[in-house]
Amino acid sequence: MPSETPTRPATAGDEADELLALTRRVAAREVRPPAAEEEEAGVFPRETFALLSRTGLLGLPYPTEYGGGGQPYETYLRVLEELAAARLTVGLGVSVHTLACHALAGFGDAAQRARWLPAMLGDALLGGYCLSEPTAGSDAASLRTRAVRDGDAWVITGTKAWITHGGIADFYTVLARTGEEGPGGISAFLVPGDARGLTAAKPERKMGMGGSPTAQLHFDGVRVEDARRLGELGRGLPIALAALDAGRLGIAACAVGLARAALEEATAFVVRRQQFGRPVSDFQGTRFLLADLATGIEAGRALLLSAARLKDAGRPFTAEAAMAKLFCTDHAMRVTVDAVQLMGGYGYSADYPAERYLREAKVLQIVEGTNQIQRLVVARQLLDGARVGECAGD
């Protein structure tokens, strides 16, 4: 009989657990401690992103041959939740960086991926994603930024709005009009952050996420080589929408992380807070509310991870991503509002993080498609499926 138990082979689950353990250590030591002070001061934690790159956490869902982590999207989203629970600026920043890499990784040719993707994933670079404009938000197909062919290059002119990492990113995925009006005349480009003619406006003044710069970008005749055009000419909008499907899962994961942080803060408070001679946590009304908030968080996590498994299996997940983004961000808003209420005046005080969580939660209902747009996406998928079924029955 062997003197010790044989070591079982490592599995994908073991690797995911190790990544989560690493993420929790990084979050506890590096991400959470300076969060309150830096958010109040409007300090962007660039060194934190460099650390995430060095530890392999900044390119998890992309292939190892290009310097990525080669992880399933499900694992990446669990890591993202942990980062967002520690500080939303970091979690959302990783999600945006992942979104910015999506067009090259998914639609670039082999030469383009080999040339640029390794640095984007492993050299502490930070990306931005340029789709929205001052007059083109939910109606992305109406964008006006134009790219005009000039020999072996393109000249980009226009303004992009609400760009996370605007002015500090090392590269941007930019959607610009190369043809006729409407959805068919848009193409995608990879633009260096230091391109000549590219300037950033003063960062927006926001109700939350002061540490994450959001700014307009002005393209004044920015010249990029044709090799930086990603995918087919005029097929940029489908590239953008595919990226948004994946990105919405990232926002959902961030929402779960933020909601979890708010619930943990409120739970700890009501346990130690005494009223009428006993802890506030002893009252049934408090317990029922906590139970409902916790149940919603678990339901949201299950919904987004189910959608991630569809993505990992190569199956359609547009409706499921929209559902996850809609449910998780709406619930995060509810959790943060109720967390402040449970803590009373202390929850409203800036000495506690609950009020910051409340201000941060609101943006998650807006970014990467408002929740009204998510409802349109879900309804369209549902009705299109019903029409297909009806035709099949004729």
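Everything numeric in this text was worked out from a predicted model, so none of it was measured.
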Non-hydrogen atoms of [X] and [Y] that approach each other most closely:
X      : Y      : value
Trp116 : Glu225 : CZ2-OE2, 4.1 Å
Leu304 : Cys328 : CD2-SG, 4.0 Å
Thr145 : Leu175 : CB-O, 4.4 Å
Pro183 : Leu237 : CB-CD2, 3.4 Å
Leu77  : Leu249 : CD2-O, 3.5 Å

Do [X] and [Y] pair up side chain to side chain, a donor and an acceptor below 3.5 Å, judged on atom types alone?
X      : Y      : result
His218 : Thr199 : no
Asn371 : Thr329 : yes
Thr214 : Lys206 : yes

Taking the six-membered ring for Trp, are Phe44 and Phe49 parallel (under 30°), tilted (30 to 60°) or perpendicular (over 60°)?
-> parallel
Evaluate the ring planes of Phe107 and His102, with Trp represented by its six-membered ring, and classify them as parallel (under 30°), tilted (30 to 60°) or perpendicular (over 60°).
-> tilted
Is there a donor-acceptor pair under 3.5 Å between the side chain of Lys325 and the backbone N or O of Leu364?
-> yes
State plainly whether the residues [X] and [Y] are in salt-bridge range, i.e. N to O under 4.0 Å.
X      : Y      : result
Glu298 : Arg301 : yes
Glu360 : Arg356 : yes
Glu133 : Arg144 : no
Arg359 : Glu355 : yes
Glu38  : Arg87  : yes

Determine, using ring centers only, whether His97 and Phe171 are less than 6.0 Å apart.
-> yes
Would the Tyr172 and Tyr129 ring centres measure less than 6.0 Å apart?
-> no
Taking only residues two or more places apart in sequence, or in another chain, which ones meet Thr64 in a side-chain contact (heavy atoms from CB on, under 4.5 Å)?
-> none
Given side chain to side chain donor-acceptor pair (under 3.5 Å), test Thr318 with Gln381 step by step and report yes or no.
-> CA-CA 8 Å; Thr318 295; Gln381 294 283 318; 4.8 Å; no
List the steps and the verdict of salt bridge (charged side-chain N to carboxylate O under 4.0 Å, His left out) for Arg24 and Glu18.
-> CA-CA 10 Å; Arg24 290 179 184 123; Glu18 290 173 3; over 6 Å; no
Does the side chain to side chain donor-acceptor pair (under 3.5 Å) test come out yes or no for Gln216 and Glu204, once each step is laid out?
-> CA-CA 8 Å; Gln216 286 192 356; Glu204 306 287 351; 4.8 Å; no
Might you work through the side chain to side chain donor-acceptor pair (under 3.5 Å) test for Ser187 and Thr178, ending with a clear yes or no?
-> CA-CA 6 Å; Ser187 299; Thr178 54; 2.7 Å; yes
Go through the steps for Gln365 and Thr370 under the test side chain to side chain donor-acceptor pair (under 3.5 Å), then give the verdict.
-> CA-CA 6 Å; Gln365 295 178 301; Thr370 67; over 6 Å; no
